[in-house]
> 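Just dropping this structure here.
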Amino acid sequence: MNKNRLYVILTLALMMAMPAMAQRQLTVNTKKLGAAIQPTMYGIFFEDINFGADGGLYAEMVENRSFEFPDRFMGWNVFGNVQLSKVKPAFDRNPNYVVLGDSGHIEKRTGLENRGFFGMGLKKGMRYDFSVYARLHDAGSKAARIRVELVNSQNNIITRQRINIDSRDWKKYTCSLTSNTTDQKGLMRIFLETAEGVDLDHISLFPSDNWKGLRADLVKDLEDLHPGIFRFPGGCIVEGTDLETRYQWKNSVGQVENRPLNENRWNYTFAHRMYPNYFQTYGLGFYEFFLLSEKIGAEPLPVVSCGLACQFQNHTDDAHVPVDELQPYIDDALDLIEFANGGTDTKWGKLRADMGHPEPFNLKQIGVGNEQWGELYPVRLEKFITAIRAKYPKIKICGTSGPSADGKDFDYGWKEMKRLKLDLVDEHYYKPPQWFFENAGRYDNYDRKGPKVFAGEYAAHGKGDLNNWEAALSEAAFMTGLERNADVVWQATYAPLFAHVEGWQWKPDLIWYDNLTSTRSANWYVQMMYGTNRGTHVLKLTEDNKPVEGKDGLYASSVYDKDNNHYIVKLVNSADAPQTVTLTFKGLKNIGTVICTVLSGNLSMENLVGRPEVIKPTISEMKGKDNTIGVSVPARGFMVLRF
């Protein structure tokens with residue numbers, strides 16, 4: 001039997017079988033539109049944690065491709081006569097390259113081997129595009145040859161290609177290799193096949209289905225969320241372990257091969273794992289972030305350093321930029337706006353055009369600082385506000401209330417953000433599911449005239465920090481409160497976004513993946529159901545003239561989609577039994593067909609790599625009667641009604 005039809009039958013059966021259950025009578029007022037809902041209301045936040053960039057979203061398969069890691073051969077195995085050099089490099093900001101010389105043995109060739117990030121995921125029938133910058137090493141040489149191989153996890157050669165090196169100057173060489181098998185743990189080898197030596201740099205391998213250098217399945221996972229806002233590049237990496245290792249956007253644009261390496265803020269022991277080789281090649285940089293924003297239909301929200309290093313790790317004032325020395329940091333923010341929006345006759349607008357995008361990116365917001373708190377922050381932020389508003393008065397500025405959802409620092413931060421008349425304040429909260437259930441009314445009493453709220457990092461952290469249904473359900477309940485208070489809350493982004501199953505430092509995370517596949521968590525489906533049912537205006541939904549925010553486990557919100565003339569209701573039931581709900585729509589006469597999307601399950605259920613659809617929505621149709629809809633909201637269920 002069709003699952004959707006079965007769901008309708010079971011729903012009706014439940015309603016008929018429980019006449020003694022109290023009927024919840026909810027009323028939606030359609031006669032008067034409430035607050036406008038911002039297009040940015042539901043979105044995503046990217047930070048390079050859990051191998052989210054290199055080894056994740058960035059599709060490059062070669063680790064340490066330019067030999068710039070502190071251990072220059074980190075990620076590589078070498079055979080025979082292999083050396084490093086910096087003499088007349090191909091790229092001045094990535095000066096190291098490798099020299100392959102004759103080994104002196106016919107059967108023992110000189111070569112390199114790279115296993116990528118936790119292995120190279122190879123797919124049967126997929127073409128892999130190899131490139132390398134190379135030159136003849138010896139002045140007297142006229143030609144040399146290298147062999148490139150893809151090898152499976154059983155050490156068998158899958159495919160190989162040969163490349164003739166014919167120049168004493170640096171030159172880019174390419175070839176393509178097609179895999180005849182699927183393997184999670186493949187690798188790549190390069191051998192010198194001649195007595196003449198070669199210099200090699202920026203050795204690269206991409207799957208042919210990449211989008212602008214990004215992994216296709218992960219881009220699709222983002223696109224299907226229909227996000228309205230995309231915050232990048234962090235997060236703590238904006239601040240850096242210290243100022244020297246902060247994320248500097250200017251290092252992440254221009255020629256990919258000449259973007260300098262940076263240590264990742266998460267390059268240290270965290271939880272139960274250590275990743276001393278966690279670095280940022282900036283192959284995924286600000287230009288790519290802006291392109292991705294366009295691709296997925298989200299407004300970009302870049303975040304820049306405010307001159308404060310990570311305050312969790314730096315406890316003295318001399319670790320931060322003095323207030324009177326902030327101008328280079330302010331210039332970075334102003335130049336970023338020019339890079340995004342400036343004409344091609346400007347310095348940074350021209351660079352954007354030279355990179356392939358002459359049209360502006362239509363940047364509307366910028367974040368200054370990540371999770372700063374205390375007196376050090378507002379005095380610096382004020383300098384940025386003055387400069388940005390003087391030159392770009394239409395750009396909205398997003399500040400922060402610190403790393404906590406309440407407390408002394410939170411209260412002080414909000415007081416200062418109001419004093420500075422900031423546009424948006426970024427709130428962060430990683431809390432147990434119970435907190436999310438209990439705080440659906442968090443924004444009911446916020447100041448309606450103050451700065452708007454950006455819930456920039458949030459996630460329910462239950463026992464074991466799992467992406468289970470309990471966590472996702474609590475977030476769905478909490479988000480009814482975000483939606484109901486859309487006049488205060490302008491945008492919200494779950495965090496973190498990505499995690500590699502073999503390289504995570506933090507969980508839960510929205511999307512998990514291995515080298516071949518990705519998995520959408522239960523939390524992802526909640527975010528998707530909100531993102532695809534955002535609406536344009538809040539509708540007042542009440543029970544006994546009060547908001548529905550947790551009484552007996554029921555939560556609800558309602559919106560109107562002016563663009564499509566659709567009415568949408570979101571219902572969350574955290575109780576252990578179904579709840580029968582009658583919705584009356586004041587101002588409507590005939591509802592007709594209703595599309596019903598439902599997520600439900602056991603609280604411990606979790607989507608995992610290898611079991612990706614344990615929790616997944618079911619979609620069905622039902623009929624309204626006049627101006628009412630009667631539904632049974634499943635136990636521990638999230639339901640969206642649309643008509």
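This one's a predicted model, so the numbers in the text were calculated from it and none came from an experiment. The figures here come from the full heavy-atom set of this structure, side chains too, leaving out hydrogens, waters and symmetry mates.
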> Does a side-chain N-to-carboxylate-O contact under 4.0 Å join Glu113 and Arg115?
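Looking at Glu113 and Arg115, the cut-off is met.
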
> Are Lys171 and Asp169 within salt-bridge range, i.e. N to O under 4.0 Å?
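Result for this pair is no, no salt bridge flagged.
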
> Salt bridge or not between Glu63 and Arg65? Use side-chain N to carboxylate O under 4.0 Å.
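No, Glu63 and Arg65 are not salt-bridged.
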
> Report yes or no: does Asp183 contribute a side-chain atom to a donor-acceptor pair with the main-chain N or O of Ser153 at less than 3.5 Å?
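Looks like yes, one N/O pair under 3.5 Å.
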
> Can we call the ring centroids of Trp524 and Tyr494 under 6.0 Å apart?
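Ring centroids of Trp524 and Tyr494 are no less than 6.0 Å from each other.
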
> Once you measure the plane-to-plane angle for Trp506 and Trp266, does it fall in the parallel (<30°), tilted (30-60°) or perpendicular (>60°) bin?
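Because their plane-to-plane angle is over 60°, the rings of Trp506 and Trp266 count as perpendicular.
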
> Quick check: does any side chain N or O of Arg135 sit under 3.5 Å from a backbone N or O of Ile165, one acting as donor and the other as acceptor?
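Judged by distance alone, no pair lies under 3.5 Å.
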
> Quick one: are Leu291 and Trp211 in side-chain contact, heavy atoms under 4.5 Å?
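In short, these two side chains touch, coming nearer than 4.5 Å.
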
> Could you tell me whether Glu193 and Arg145 make a salt bridge, using a distance below 4.0 angstrom between a side-chain N and a carboxylate O?
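Between Arg145 and Glu193 there is a salt bridge, with a charged N closer than 4.0 Å to a carboxylate O.
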
> Using ring centroids (six-membered ring only for Trp), state whether Tyr247 and Tyr282 fall under 6.0 Å.
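Distance test on ring centres: under 6.0 Å, yes.
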
> One thing to verify: whether Asp426 and Arg231 come together as a salt bridge, which I'm taking to mean a side-chain N less than 4.0 angstrom from a carboxylate O.
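Asp426 and Arg231: salt-bridged.
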
> Got Phe46 and Leu222 here, is their nearest side-chain heavy-atom distance under 4.5 Å?
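When only atoms from C-beta onward are counted, Leu222 and Phe46 do not touch, as no gap falls below 4.5 Å.
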
> Between Ser66 and His202, is a side-chain hydrogen bond (donor to acceptor under 3.5 Å, both in side chains) present by the stated rule, with each step listed?
CA-CA 4 Å; Ser66 294; His202 199 83; 3.1 Å; yes

> Within the distance-only criterion (no hydrogens, no angle test), does the side chain of Trp512 pair as donor or acceptor with the backbone N or O of Arg520 below 3.5 angstrom?
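Flag not set: sc Trp512 to bb Arg520 has no pair under 3.5 Å.
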
> Salt bridge check, Arg265 against Asp48: does any charged N sit closer than 4.0 Å to a carboxylate O?
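No.
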
> With Arg162 as the cation and Phe191 as the aromatic partner, state whether NZ or CZ is under 6.0 Å from the six-membered ring centre and within 45° of the axis.
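Geometry flag: not set, cation outside 6.0 Å or 45°.
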
> Please lay out, stage by stage, how Phe118 and Phe51 fare under the test ring pair (Phe, Tyr, Trp, His ring centres under 6.0 Å).
CA-CA 10 Å; Phe118 314 104; Phe51 287 83; 5.0 Å; yes

> Could you tell me whether Phe498 and Phe45 have their ring centroids closer than 6.0 angstrom?
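When the ring centroids of Phe498 and Phe45 are compared, they turn out to be at least 6.0 Å apart.
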
> Check whether more than 12 heavy atoms from other residues, nucleotides or ligands sit under 6.0 Å from atom NZ of Lys185, and answer yes or no.
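Atom NZ in Lys185 is packed in, count exceeds 12.
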
> Check for me whether the distance between the ring centres of Trp170 and Tyr97 falls short of 6.0 Å.
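For Trp170 and Tyr97, the ring centres are under 6.0 Å apart.
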
> Taking side chain as C-beta onward, heavy atoms only, is Tyr128 less than 4.5 Å from Lys123?
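A side-chain contact exists here, since the closest heavy-atom pair is under 4.5 Å.
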
> Ring centres of Tyr458 and His428 under 6.0 Å apart?
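Judged by ring-centre distance (under 6.0 Å), Tyr458 and His428 do not meet the cut-off.
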
> Mind checking whether Tyr287 and His357 have parallel, tilted or perpendicular rings, split at 30° and 60°?
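The arrangement is perpendicular - the two ring planes meet at more than 60°.
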
> Mind telling me whether Phe232 and Phe286 have parallel, tilted or perpendicular rings, with 30° and 60° as the class edges?
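Judged by the thresholds at 30° and 60°, the geometry between Phe286 and Phe232 is perpendicular.
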
> Using a strict 4.0 Å threshold on nitrogen-to-oxygen distance, state whether Glu299 and Lys396 make a salt bridge.
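No.
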
> In plain terms, say whether Lys250 and Asp335 are close enough for a salt bridge, that is, a side-chain N and a carboxylate O under 4.0 Å apart.
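Looking at Asp335 together with Lys250, the answer is yes, because their closest N to O distance falls below 4.0 Å.
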
> Any luck finding a side-chain donor-acceptor pair between Glu239 and Gln372 under 3.5 Å?
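A pair is found: one side chain offers a donor N or O, the other an acceptor, under 3.5 Å apart.
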
> Just wondering, more than 12 heavy atoms not from Lys364 lying within 6.0 Å of its NZ?
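Open.
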
